[in-house]
Visitor: 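The structure under discussion is supplied below as structure tokens; questions concerning it will follow.
As the structure is a computational prediction, the values presented were derived from the model and not from experiment.
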Amino acid sequence: MTQTIPLGMTQKYVEGPAVAAAPVWSVDPRTGKQREQVAVEATAQEVDAAVRAAHAARGALADRTVRSAFLRTAADQLQAAKEQLVEVADAETALGPVRLTGELARTCFQLRAFADIVDEGAFLDVVINHPDDTATPPIPDLRRYKVPLGVVAVYSASNFPFAFSVPGGDTASALAAGCPVVVKAHPDHPALSELVAIVLRRAAAEHGIPEGVLGLVHGFEAGVELVKHPLVTAAGFTGSVRGGRALFDAAAARPVPIPFHGELGSLNPVLITEAAAAERAEAIGTGLAGSMTLGVGQFCVKPGLVLAPAGDAGDRLVKSLTDAVSDVDAGVLLDHRMRDNFLAGVAERAELPDVESPVTAGAGGDHTVSPGFLTVPAGKLASEGEHDLLLEECFGPLTVVARYEDEDEAKSVLSRLPGNLTATVHLSGEEAAGEGRGPELLAELTPLAGRVLVNGWPTGVAVAAAQHHGGPYPATTSTSTSVGGTAIERWLRPVAYQGAPEALLPPELRDDNPLGLPRRFNGALER
């Protein structure tokens, strides 16, 4: 059902002078030293070969039974290789065995969850309408469902070497949709990427699926070539605003534009009401410290801006935050470039007028960084000016606490924020029960983010059917989620058949429903 592009159409794409392949090194972030060469950067010709191999593997994913079995085998084999994978991941990311073991378990759970979705079949959105001459205008025989787009390009994230990388949500959901994948490996964990690709290809081979169903390329230029390739039909990205926007623009500028589902950046604001601070300032301060320093502040949903009240209750909250952050050990960031950017970002923000540093974030020993936070009067952020830098994400263990004098001032700051993955409000018991401004505040935060939390912390994204991990730009470039079952929708397109004889229809659209799919039949929902 996917458009077939003649091979000759890509000939011009791969022409050009040969370029010497640059080595790809595994680097220890704890020391900054190269560990070993694990690959070479892919040339345009090698990108083309990977995409062609993926394109040729589409038919092997057509059988949903084979597809779901492949996903489950992939999860089983990743779990079986846990010790080796976690060891390599820790050597390249310094995220620690405990965190990485949990992330790998989450990744395996996600693969199995998508296998269940494939077996259920509801994601196909089957709708059948028989002819109705009494309708105005008359309704012909119409049958609609969704088909896979084709080859999907996936761009790995640095901070989740399993869950948002080679075996992560973009790959799992694309394969579940029936789309082969070519992954652009992240340079912070190239050895792990190679190992995981081997595991996934081995799982594919067990079910007669060509290894080309999962391609892997390294290098910046390879990532650019990948999004431009005419056989790539969609892309998923997790990374920086700058990098994601460049790829998004390239995807839109193609002769045939493609969907680009990018997660780019998020400040993840938190609003703490005066009543909530008065009720439990110490608990909120401690919780905030844990959330903003989790994973050395390298979560895409780290709370980066906190609106806290001025006055005694806010002072108690800041003291609690100060004590808790001061007790957090220094940690290693994913690479030295991120460390340099973090230190420069902290220094630039701390130098702004009226900005204070109750706990100063900065360089630790042995390539580490120490966490901290800044405070600023919220009025400095209520209108455009030199403090706008504080409204930009600073990747690492830093947050900004803006002290507001009244509700209008807090609302003015919120009105200036771009789109976010999350927005959080901490309410008092009475406010959470619907008294006062609780409902109004929830409504004010809803336009800002794809996930709105009440009395919680955003650093934790459950893999669940109701999850939404996305938000208004620049949090993401589309309205879709990259976590949860509905992430599969990104890699599908609807097609309707009109007046097609039953014998010509795919089995999913036949009246007798031989596959037992959930569907809407002449207006009635059948399960």
Visitor: Taking the six-membered ring for Trp, are His426 and Trp457 parallel (under 30°), tilted (30 to 60°) or perpendicular (over 60°)?
Guide: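 Ring orientation, 0 to 90° scale: tilted.
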Visitor: Keeping the roles fixed (side chain from Thr424, backbone from Val270), state whether a donor-acceptor pair exists under 3.5 Å.
Guide: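 Here the side-chain-to-backbone pair does not exist.
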Visitor: Is the side chain of Ser266 donor-acceptor paired with the backbone N or O of Leu421 at a distance under 3.5 Å, no angle test?
Guide: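 Indeed, once roles are kept as given, a pair shorter than 3.5 Å links the two residues.
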Visitor: Looking at Arg339 and Thr368, would you say the former's side chain and the latter's main chain have a donor-acceptor pair under 3.5 Å?
Guide: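 Yes, Arg339 side chain to Thr368 backbone: donor-acceptor pair under 3.5 Å.
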Visitor: Are Trp25 and His218 close enough that their ring centres sit under 6.0 Å apart?
Guide: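 No.
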Visitor: Working to the nearest 0.5 Å, report the span between OG1 of Thr93 and CG of Leu192.
Guide: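 So the OG1 of Thr93 and the CG of Leu192 are separated by 8.0 Å.
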Visitor: Taking the side chain as every heavy atom from C-beta outward, state whether Phe162 and Leu85 have any atom pair closer than 4.5 Å.
Guide: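 Yes, at least one pair of side-chain atoms sits under 4.5 Å.
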Visitor: Is the shortest heavy-atom distance from the side chain of His189 to the side chain of Val166 under 4.5 Å?
Guide: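 Result no, sub-4.5 Å side-chain heavy-atom pair not found.
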Visitor: Is there a donor-acceptor pair under 3.5 Å between the side chain of Ser370 and the backbone N or O of Gly362?
Guide: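 A pair under 3.5 Å: yes.
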Visitor: How about CD on Glu87, more than 12 heavy atoms from neighbouring residues, nucleotides or ligands closer than 6.0 Å, or not?
Guide: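 Count not over threshold, so no.
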Visitor: Measuring only between side-chain heavy atoms, which start at C-beta, is Asp312 closer than 4.5 Å to Arg316?
Guide: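 No, too far: nothing below the 4.5 Å cut-off.
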Visitor: Could you go through Arg106 and Val463, starting from their C-alpha distance and side-chain angles, then the distance that decides it, and tell me whether this counts as side chain to side chain contact (heavy atoms under 4.5 Å, CB included)?
Guide: CA-CA 8 Å; Arg106 165 209 169 112; Val463 179; 3.9 Å; yes
Visitor: Side chains of Ser26 and Glu92: do they bring a donor and an acceptor to under 3.5 Å?
Guide: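 Side-chain D/A pair, Ser26 to Glu92: present.
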Visitor: Keeping Thr477 on the side-chain end and Gly262 on the backbone end, is there a donor-acceptor pair under 3.5 Å?
Guide: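 Yes; judged by distance alone, with no hydrogens or angles, the pair exists.
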Visitor: Which atom names give the shortest non-hydrogen contact between Pro29 and Val332, and what distance separates them?
Guide: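 Nearest heavy atoms, Pro29 then Val332: O-CG1, 3.5 Å.
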Visitor: Is there side-chain contact between Val355 and Leu390, with heavy atoms separated by less than 4.5 Å?
Guide: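 Counting from C-beta outward, Val355 and Leu390 do come under 4.5 Å.
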Visitor: For atom CD of Glu36, is the number of surrounding heavy atoms from other residues, nucleotides or ligands below 6.0 Å larger than 12?
Guide: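 Counting neighbours around CD of Glu36, more than 12 heavy atoms of other residues, nucleotides or ligands fall under 6.0 Å, so yes.
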Visitor: Answer yes if the side chains of Thr273 and Arg437 hold a donor-acceptor pair under 3.5 Å, and no otherwise.
Guide: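 No, because no side-chain N or O of Thr273 sits under 3.5 Å from a partner of the opposite role on Arg437.
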Visitor: What is the minimum heavy-atom distance between Phe342 and Leu398, and which atoms define it?
Guide: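 Residues Phe342 and Leu398, closest heavy atoms: CE1-CB, 3.8 Å.
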Visitor: With a sphere of 6.0 Å drawn around CD of Glu274, does it hold more than 12 non-hydrogen atoms of other residues, nucleotides or ligands?
Guide: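 Count not over threshold, so no.
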Visitor: Judged by atom type as modelled, is there a donor-acceptor pair below 3.5 Å linking the side chain of Arg254 to the main-chain atoms of His229?
Guide: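 Checked: pair present.
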Visitor: Show the nearest heavy-atom pair for residues Gly314 and Arg403, with the distance to one decimal.
Guide: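 Answer, listing the atom of Gly314 first, then Arg403: C-NH2, 3.3 Å.
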Visitor: Using side-chain heavy atoms (C-beta onward) and a distance below 4.5 Å, is Trp491 in contact with His261?
Guide: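 SC-SC contact between Trp491 and His261 confirmed.
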Visitor: Are any side-chain N or O atoms of Gln84 and backbone N or O atoms of Ala81, one a donor and one an acceptor, separated by less than 3.5 Å?
Guide: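 No; judged by distance alone, with no hydrogens or angles, the pair does not exist.
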Visitor: Measure the CG-CG distance between Leu374 and Asp354 for me, rounded to the nearest 0.5 Å.
Guide: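 Taking CG in Leu374 and CG in Asp354, the distance rounds to 12.5 Å.
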Visitor: Run the side chain to side chain contact (heavy atoms under 4.5 Å, CB included) test on Leu391 and Leu417 for me, step by step, so that the C-alpha distance in whole Å, both residues' side-chain angles and the decisive distance to 0.1 Å come before the verdict.
Guide: CA-CA 7 Å; Leu391 301 181; Leu417 298 185; 3.8 Å; yes
Visitor: Nearest 0.5 Å, please: how far is CG in Asn159 from CG in Asp188?
Guide: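 Separation between the atoms: 9.5 Å.
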Visitor: Quick one, Asp170 and Ser482 - any side-chain contact, counting heavy atoms below 4.5 Å?
Guide: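 Side chain of Asp170 against side chain of Ser482, heavy atoms only: contact under 4.5 Å found.
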Visitor: For Val183 and Ser156, work out which heavy atoms get closest and say how close.
Guide: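 Nearest heavy atoms, Val183 then Ser156: CG1-OG, 3.4 Å.
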Visitor: Measuring from atom OG1 of Thr486 to atom NE2 of His468, what distance do you get when rounded to the nearest 0.5 angstrom?
Guide: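 The NE2 atom of His468 is 7.5 Å from OG1 of Thr486, to the nearest 0.5 Å.
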Visitor: For atom CD of Glu430, decide whether the heavy atoms of other residues, nucleotides or ligands shown that lie under 6.0 angstrom number more than 12.
Guide: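 No, CD of Glu430 has 12 or fewer neighbouring heavy atoms, counting only those of other groups under 6.0 Å.
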Visitor: Could you check if a side-chain atom of Glu221 sits within less than 4.5 angstrom of a side-chain atom of Val47, using non-hydrogen atoms only?
Guide: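 Side-chain contact under 4.5 Å: no.
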Visitor: Is the shortest distance from a Lys or Arg side-chain nitrogen in Arg112 or Asp116 to a carboxylate oxygen in the other one below 4.0 Å?
Guide: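 Judged by the 4.0 Å cut-off on N to carboxylate O distance, Arg112 and Asp116 do not form a salt bridge.
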Visitor: Are Pro458 and Pro303 packed together at the side-chain level, in the sense that at least one heavy-atom pair is separated by less than 4.5 angstrom?
Guide: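 A side-chain contact under 4.5 Å exists here.
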Visitor: Examine distances only and state if a side-chain atom of Asn268 and a backbone atom of Cys300 form a donor-acceptor pair shorter than 3.5 Å.
Guide: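 Looks like yes, one N/O pair under 3.5 Å.
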Visitor: What's the spacing between Leu333 CG and Leu95 CG if we round to 0.5 Å?
Guide: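 It comes to 10.0 Å.
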Visitor: With side chain to side chain contact (heavy atoms under 4.5 Å, CB included) as the criterion, how do Val232 and Val227 come out once you've worked through the C-alpha distance, each side chain's angles and the decisive distance to 0.1 Å?
Guide: CA-CA 7 Å; Val232 169; Val227 80; 5.9 Å; no
Visitor: Determine whether a donor-acceptor pair (N or O, by modelled atom type, separation under 3.5 Å) exists between the side chain of Gln467 and the backbone of Ala464.
Guide: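 Between the backbone of Ala464 and the side chain of Gln467 there is no qualifying donor-acceptor contact (under 3.5 Å).
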Visitor: Thr399 and Leu305: which non-hydrogen atoms are nearest, and at how many Å?
Guide: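 Looking at all heavy atoms of both residues, the shortest contact is OG1-N, 3.7 Å.
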Visitor: Does Arg416 use its side chain to pair, donor to acceptor, with the backbone of Leu381 at less than 3.5 Å?
Guide: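 Checking the backbone N and O of Leu381 against the side chain of Arg416, a donor-acceptor pair under 3.5 Å is found.
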Visitor: For the pair Asp335 and Val27, evaluate side chain to side chain contact (heavy atoms under 4.5 Å, CB included) and give the outcome as yes or no after the intermediate values.
Guide: CA-CA 8 Å; Asp335 63 40; Val27 177; over 6 Å; no
Visitor: With a 4.0 Å cut-off, would you call Asp249 and Arg245 a salt bridge?
Guide: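 Yes, charged N to carboxylate O under 4.0 Å.
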Visitor: Could you report the tightest heavy-atom contact between Pro353 and Glu386, atom names first, then the distance?
Guide: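 Taking every non-hydrogen atom into account, CG-OE2, 3.5 Å.
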Visitor: Less than 4.0 Å between a side-chain N and a carboxylate O, is that true for Glu407 and Lys411?
Guide: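 No, this pair does not count.
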Visitor: Rounded to the nearest 0.5 Å, what separates atom CD in Glu393 from atom CG in Asn420?
Guide: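 Answer for the CD-CG pair, Glu393 versus Asn420, is 9.5 Å.
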